[in-house]
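First the structure, in the form of structure tokens, and then the observations on it.
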Amino acid sequence: MVAAADAQNYAQKLGITTDMVVQELGWDEDTDDGIRAAVEETIGGEMLDEESDEVIDVVLLWWRDEDGDLVDALMDAIGPLADEGFVWVLTPKTGFDGHVEPSEIAESAPTAGLTQTSAANLGDWSGSRLVQPKARPANKR
């Protein structure tokens with residue numbers, strides 16, 4: 001039962017709820033199957049891959065130091081994102097292969113038109129939640 005409780009906790013930490021459409025980008029052999037299982041259990045199905053053309057509620061972007069240009073990856077991730085959707089950049093924690101400095105995410109997000117709102121501790125991975133800024137209403141004079 002501990003595994004089930006951890007799984008539910010991961011999905012809750014990520015703000016993922018039943019029937020959300022979740023896309024997974026950057027999957028590789030090192031991704032955390034516990035996080036993946038928690039998300040799929042919560043949404044009641046499989047996550048979509050990069051080939052999907054659906055509108056996405058949440059993007060889980062597994063990202064490592066050697067994966068390339070984070071700004072480009074974020075720009076690709078937000079293309080199909082719903083207005084209220086968000087991106088989680090999941091990176092290996094300090095001391096693990098592929099660790100990404102938090103400053104890289106903090107610098108890349110605004111360049112891609114995103115704002116960092118929170119962070120999550122997810123076992124051997126860290127998550128940074130990025131959202132699209134809300135449009136400001138025009139000033140009425």
Side-chain angles (χ1 to χ4, degrees), residues 1-140:
M1 280 300 151
V2 173
D6 285 346
Q8 186 177 19
N9 192 22
Y10 283 145
Q12 284 178 332
K13 283 183 176 186
L14 295 170
I16 295 172
T17 58
T18 305
D19 297 328
M20 281 185 148
V21 178
V22 180
Q23 183 178 43
E24 178 182 43
L25 303 174
W27 180 90
D28 206 340
E29 297 296 320
D30 64 344
T31 56
D32 188 315
D33 287 337
I35 296 171
R36 298 180 76 245
V39 170
E40 291 184 339
E41 182 178 318
T42 299
I43 64 175
E46 293 185 0
M47 291 183 279
L48 303 175
D49 63 18
E50 62 272 354
E51 303 301 319
S52 174
D53 59 2
E54 291 188 45
V55 174
I56 308 296
D57 297 312
V58 181
V59 173
L60 295 185
L61 175 61
W62 300 95
W63 194 257
R64 300 144 203 93
D65 185 47
E66 65 277 355
D67 283 349
D69 187 339
L70 181 55
V71 174
D72 287 345
L74 291 172
M75 296 294 287
D76 291 342
I78 62 175
L81 203 59
D83 290 344
E84 299 297 317
F86 51 93
V87 176
W88 276 101
V89 178
L90 305 176
T91 60
K93 284 190 172 171
T94 303
F96 288 88
D97 285 345
H99 169 71
V100 175
E101 290 297 326
S103 60
E104 181 179 343
I105 298 167
E107 292 166 9
S108 298
T111 306
L114 297 166
T115 302
Q116 188 169 350
T117 60
S118 61
N121 178 357
L122 304 162
D124 294 342
W125 291 77
S126 297
S128 298
R129 186 177 187 266
L130 309 177
V131 300
Q132 300 172 92
K134 303 256 186 281
R136 291 191 174 89
N139 289 338
K140 295 182 180 177

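Everything quoted here is computed from the prediction, not taken from an experiment. Counting begins at 1 with the first residue of the sequence. Scope of the values below: all heavy atoms of this structure, side chains included, with no hydrogens, waters or symmetry mates.
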If I take atom CD from residue E41 and atom OG1 from residue T18, how far apart are they, to the nearest 0.5 angstrom?
10.0 Å
All heavy atoms of G113 vs all of P133, minimum pair found to be O-CD, 3.1 Å
Looking at every non-hydrogen atom in both residues, tell me the closest pair between A11 and A38 and how far apart they are.
CB-O, 3.9 Å
Where is the tightest heavy-atom contact between L14 and W88, given as atom of each residue plus distance?
O-NE1, 2.8 Å
Given the options V131, V87, V59, I78 meets side-chain contact (heavy atoms from CB on, under 4.5 Å) only with V87
Could you walk me through whether L70 and I105 pass the side chain to side chain contact (heavy atoms under 4.5 Å, CB included) test, one step at a time?
CA-CA 8 Å; L70 181 55; I105 298 167; 3.9 Å; yes
Out of curiosity, H99 NE2 to T91 OG1, how far, rounded to the nearest 0.5 Å?
7.0 Å
Any pair counted as salt bridge (Lys or Arg N to Asp or Glu O under 4.0 Å), so long as it reaches residues 73-95, sequence neighbours left out:
E84-K134
Between Q23 and P80, what is the shortest heavy-atom contact and its length?
OE1-CG, 4.0 Å
Just how far is it from atom CG of L130 to atom OG1 of T117, taken to the nearest 0.5 Å?
7.0 Å
Going by the rule side chain to side chain donor-acceptor pair (under 3.5 Å), which residues pair with D67 if we only count those two or more places apart in sequence or in a different chain?
R64
Check side chain to side chain contact (heavy atoms under 4.5 Å, CB included) between Q132 and all other residues, then give those that pass, not counting sequence neighbours.
L81, L114
Can you name the side chain to side chain donor-acceptor pair (under 3.5 Å) partners of T17, sequence neighbours left out?
none
Tell me, which pairs form a ring-ring contact (aromatic ring centres under 6.0 Å, His included) where one or both residues lie in residues 33-85, sequence neighbours left out?
W62-W125
Under the salt bridge (Lys or Arg N to Asp or Glu O under 4.0 Å) definition, can you give me all pairs with a residue in residues 99-113, not counting sequence neighbours?
none
Which residue pairs satisfy the salt bridge (Lys or Arg N to Asp or Glu O under 4.0 Å) criterion with at least one member in residues 43-60, sequence neighbours excluded?
none
Considering only residues two or more places apart or on different chains, which pairs with a residue in residues 31-55 satisfy ring-ring contact (aromatic ring centres under 6.0 Å, His included)?
none
Applied to residues 20-29, the salt bridge (Lys or Arg N to Asp or Glu O under 4.0 Å) test, sequence neighbours excluded, yields E24-R36
I16 versus T42, closest heavy-atom pair with distance
O-CG2, 3.4 Å
Results of side chain to side chain contact (heavy atoms under 4.5 Å, CB included) for T111 - residues two or more places apart only:
V71
Taken to the nearest 0.5 Å, the spacing of L60 CG from F86 CZ works out to 9.0 Å
Report the C-alpha distance between Y10 and V39 in whole Å, list the side-chain angles of each, state the deciding distance to 0.1 Å, and finish with yes or no for side chain to side chain contact (heavy atoms under 4.5 Å, CB included).
CA-CA 8 Å; Y10 283 145; V39 170; over 6 Å; no
To the nearest 0.5 Å, atom CG of L90 lies from atom CG of D124 at 12.5 Å
List in chain and number order the residues that pass side chain to side chain donor-acceptor pair (under 3.5 Å) with T31, two or more places apart in sequence or in another chain; answer none if no residue qualifies.
W27
From CG (D69) to CG (L74), nearest 0.5 Å:
9.0 Å
